[in-house]
Amino acid sequence: MNASAADGGERAEWFDGPVRGIARPWREDLARRLAAVTALHGEERDVLLEAGHTALLNSLHAKLTRLFLVELHALRMAQGVPDAGRSGAPDTATWNAFVEQAGAEGYLDKLAGRYPSLGRRVAVVARMSVAATAALAERLAADRDLLAPLLGAPAGRLGAVTFGAGDSHGGGLTVSRLDLTGGTVMYKPRPSEVDVALGALLEELFADFPEAPPRDERIRVPRTLPREGYGWAEFVEHRYCADDTELAAFYRNMGHWLAVLRFTGGTDMHAENMIAAGPVPVIVDAETLFDAPAPFPPSGRGEAVDLAAAAIRRTVLRTGLLPVRGTGFALGGVDISGVGALPGQQPLIPNPVIAEGGTAAARFEVDLVAMPTAGNHPSPTPVLSTYWDRILAGFQEMTAHLRRDEVDPLRLLHRFEGARVRRIRRPTQAYVDIGRMLWHPASLHDEATAVARARDILRRNAEVLPGAPTDTGTIDGEIADLLAGDVPLFAFTVDRTVVRNTVEDWRTADFALEESVIQDALVGAYLNERSLPARVRAAAERPHARDREARRRRLAAAMVRRLCDGAVRGADGTVTWISPVFTPAGWSIRVLPADLYTGQGGVALTLAEYVHEVRAGRADEVPGVEETFEGALRVLIGTEDRTPTPSAGAFSGAASQVWTWLALHRVLDEPWPLARAAQRAVLLEGRLVDDDVEVDLLNGAAGGIVPLIGLAEATGQDRWLSVAAHIGRRLIRLAAVDSGGARWTTRLNPEGIGGFAHGATGIGWALARLALSGAGTPAERRAWRHIAERAFDFQESLWQPAAGNWLDIRDGAEEDFFTSWCHGSAGVGIGMLDLHRRTGEPAHLDMARRAARACAAEGFGWSHTLCHGDLGLWRFLTSMSGEGADGLGTLDDLDGEILTGLEQRGPVGGLAREAFSPSLMSGLSGVVHTLLCMHRSASLPDPLLLD
């Protein structure tokens, strides 16, 4: 990928004068080199000179800015000037003196004592830049008359050159755009035979494709003219689709690309490698075909996990077209995929900038900026969710076309033999980070130490990244590239063995899994459920509770059987699942993590509940459930022990693990899960709480309170009340209290919101529960109770009498009224009802009754989820039975809504339509749990209340 968006640097011309002074000899050298290309016109040589020189200036400015800042402050200190820039009058005199000094001839020579490698390193970068520009000039002069087929007209004269703003490879080489009087053409300083071969493959595939799109509406690559070691390609103009018909065609075409790239082993087809030309997604850089996923070492979490991880790595996810969120610092949460990277669905990314430039106080600071957009979108505001089915349909029809009996995959791919392709062996961002380190002033001062550190980093990176180079020679080659300002590139020639391996990988693919991954991955383009497609209500037709018990048992057995059938199983007896998982970076296709919300913990608990209810005679026996539970439990333990816990939260983090083991202790009626709960609670005594920025119940520190209270009650150990009290004190300090009440800032909602899972009501409920415990001092318990009441005041400030509901004020969408557990009236009601039953407070019961009326007015027919669907609604309304709320219906009425809805629609998840999710809070385990709870005698743990 082009990592420059995250690399950023400071492009403002604060040090333009010094950089121009350093680059002046190289400009003169480039002018001499260009003068020798006599086939170019004088104006063309001038264009190339300015473009090449500007590219060098930008490169040197990015590499030398930190050094200039260090030297600026060295001058200030030498002159005895105090650092008053941040508090006093700006010191521009020192700045001007430094700029004049740094711009003088021979400046780098004067720094040689402090930075012995500086002059040599700058010379290497400049020499490569000059050579790259001169080579382009020579090739244009030689090939000008050959470019007409790519332009549709004679090339004419060169008017402008734009060198690639992204990463350079192989000696300062970048893809470049040339604007000629006859049109625009792209220069690719790499072998281009692979682009030609891919274009020919597409021609053959569509020659007999059923219901083939018109030629100008099907997927393609740019027309390409391959030359010896480089090539010229047609320029593809970005164009938005004209109407819904073109949009539907575009996303069908995306499905075709997914199938073709899965067939050819394509990777790295991210947003910058694709251009939307109306209904046609054009892949403009196809150099990363014939990828072979490297085997990962055993995870230690069980063979099931290793099998599932290997299966994911083989799927279409590796193409780069489907949404995948980054996990590193610079690109954490960023989706750079070809079909995703949606505007408004990207987190801000860190970007280094110079603060107080032009003064002696100038320094680097990290700003947060929006991720630059690419030309991959077919509309200004793409609504990917509307066309999920078109992508899947396109994949299915092209895959079926390739899998026909008469098709010989080896013959189709034989045309690629001899082509040079590229393999991504490390993430580009890793190279960018190490390259930045190698150009740090400290590294320029002591290059040997910096190189040794880079070598160690790359070796350790290879330990966790199978396929990354491990031998010293290759690693030293990577470092040599980075020292010269290049991103290392690994190329190989496609041969018969490579083709056979690629075909075998495709032939043995699990295409049912591939289709499931496509469905599941598309939700990853959206950051949270607020921005997912609009909910569509489909209420059950003539719901009824006749034969309630038989239907409940039958559905529960069918759902738990489906849960077991969807598992990945290892020969060692371990069991896990592949699913959309909610992570701190957004939704992502993963092997299940350990948590309660979308993780292994919630599924394992549900299976334990089913086994418990079978033994109690309240559920029908289903073969294999106990074995599946045992295998899932082993993976849960291994995952907790071997993977970092990301947060403190009651549903996504350490508190979710504590509560899960408490619940298993209750369901299994065995002592060892209680010891396990205490072991996981230790995580809440450290940084997960003190460094938490989410605060809320689901992801943040507030989620730790109630599980810790439960652990203290179960073990009789006051230690856990002390931990809960520490959380309470922190929540008091972080509360924003005004005339409207108390609320808390979170990462996604800096102004604070209402609601249970992420907002003031859930945090207030946790504090109210803490005030009712034996934690803290009497004064602290009064303070917790007071802030809890103020949190409920804030929730009440959102009450809209005309709507009969509380306003949902989350960022990212229009104002709305929700009835869900996570953000709506069901969650408010559940929390208030719990507190009323513990305190007898009438105000809490009043809020619960209003919440129940809001929920009943909207009714059922949403997704079958506990978090944001009918199951959470059912749980709340059945709990309100006998509490004096009108119009809720009888228990049989409520049960009939769920049973009939499941029978008529099947289990509908809250994410990507029919996408399989085994999870407790947003998937199939939540359905099983609810059906088990529907038995009048069942008494199972309640995840919605952490009870």
Side-chain angles (χ1 to χ4, degrees), residues 537-559 609 613 616-620 756 804-805 817-821 824-837 840 842 844-908 926-945 947:
R537 188 168 182 267
E541 296 182 11
R542 295 185 294 278
H544 66 91
R546 296 186 299 275
D547 302 319
R548 187 185 67 86
E549 180 59 13
R551 294 162 66 202
R552 182 193 70 83
R553 284 175 174 264
R554 182 171 61 251
L555 283 167
M559 300 303 167
E609 291 176 340
E613 291 301 286
R618 294 188 289 264
D620 295 340
F756 196 71
N805 203 345
F817 300 92
F818 273 51
T819 57
S820 60
W821 168 83
S825 48
V828 173
I830 281 174
M832 293 301 102
L833 180 61
D834 176 66
L835 292 180
H836 168 69
R837 289 176 173 173
H844 297 333
L845 180 59
D846 174 68
M847 287 185 74
R849 286 173 174 168
R850 282 182 283 140
R853 286 193 290 271
C855 291
E858 183 174 272
F860 293 84
W862 308 113
S863 68
H864 296 117
T865 63
L866 285 169
C867 178
H868 39 267
D870 287 357
L871 305 187
L873 188 64
W874 174 88
R875 186 67 185 180
F876 171 47
L877 293 182
T878 54
S879 298
M880 282 295 295
S881 177
E883 295 292 349
D886 301 327
L888 306 188
T890 66
L891 292 179
D892 279 351
D893 292 336
L894 297 172
D895 292 351
E897 290 280 359
I898 300 299
L899 295 172
T900 307
L902 287 170
E903 289 167 340
Q904 292 178 355
R905 294 195 291 158
V908 177
V927 178
V928 175
H929 169 81
T930 300
L931 290 167
L932 296 177
C933 290
M934 199 175 284
H935 193 286
R936 301 287 188 253
S937 299
S939 179
L940 297 172
D942 182 1
L944 298 185
L945 268 177
D947 180 11

Taking only residues two or more places apart in sequence or in another chain, which ones pass side-chain hydrogen bond (donor to acceptor under 3.5 Å, both in side chains) with [X]?
| X | value |
| --- | --- |
| Arg853 | none |
| Thr890 | Asp893 |
| Asn805 | none |

* Asked: Does CZ belonging to Arg936 count more than 12 external heavy atoms closer than 6.0 Å?
  -> yes
Test side-chain contact (heavy atoms from CB on, under 4.5 Å) applied to [X] - qualifying residues, sequence neighbours left out:
| X | result |
| --- | --- |
| Leu873 | Cys855, Phe860, Leu877 |
| Ala851 | Trp806, Ser825, Phe876 |
| Ala616 | Arg618 |
| Ala885 | Arg849, Ala852, Met880, Leu888 |

Return the set of residues passing salt bridge (Lys or Arg N to Asp or Glu O under 4.0 Å) with [X] (not counting sequence neighbours), or none when no residue passes.
| X | result |
| --- | --- |
| Glu897 | none |
| Arg542 | none |
| Asp947 | none |
| Glu883 | Arg837 |

Could you grab the distance from atom [atom1] of [X] to atom [atom2] of [Y], nearest 0.5 Å is fine?
| X | Y | atom1 | atom2 | answer |
| --- | --- | --- | --- | --- |
| Thr878 | Leu894 | OG1 | CG | 6.5 Å |
| Thr819 | His868 | OG1 | NE2 | 12.0 Å |
| Leu835 | Met847 | CG | CE | 10.0 Å |
| Leu833 | Leu945 | CG | CG | 8.0 Å |
| Leu871 | Trp862 | CG | CH2 | 14.5 Å |
| Met559 | Leu931 | CE | CG | 7.0 Å |

List the atom of [X], the atom of [Y], and the distance in Å for their closest heavy-atom pair.
| X | Y | value |
| --- | --- | --- |
| Gly896 | Pro543 | O-CB, 3.7 Å |
| Cys933 | Arg875 | CB-NH1, 3.6 Å |
| Val908 | Thr865 | O-CG2, 4.3 Å |
| Gly887 | Ala856 | O-CB, 3.7 Å |
| His864 | Val927 | O-CG2, 3.7 Å |
| Ile898 | Trp874 | CG1-CD1, 3.6 Å |

* Heavy-atom check, side chain of Arg551 versus side chain of Met934, under 4.5 Å -> no
* Asked: Heavy-atom distance under 4.5 Å between the side chains of Arg552 and Asp895, does that happen here?
  -> no
* To do: Could you tell me whether a side-chain N or O of Trp821 sits under 3.5 Å from a main-chain N or O of Leu944, the two making a donor and an acceptor?
  => yes
* Asked: Side chain of Glu609, backbone of Leu932: donor and acceptor closer than 3.5 Å?
  -> no
* Please identify each residue that fulfils ring pair (Phe, Tyr, Trp, His ring centres under 6.0 Å) with His844, with sequence neighbours left out. => Phe792
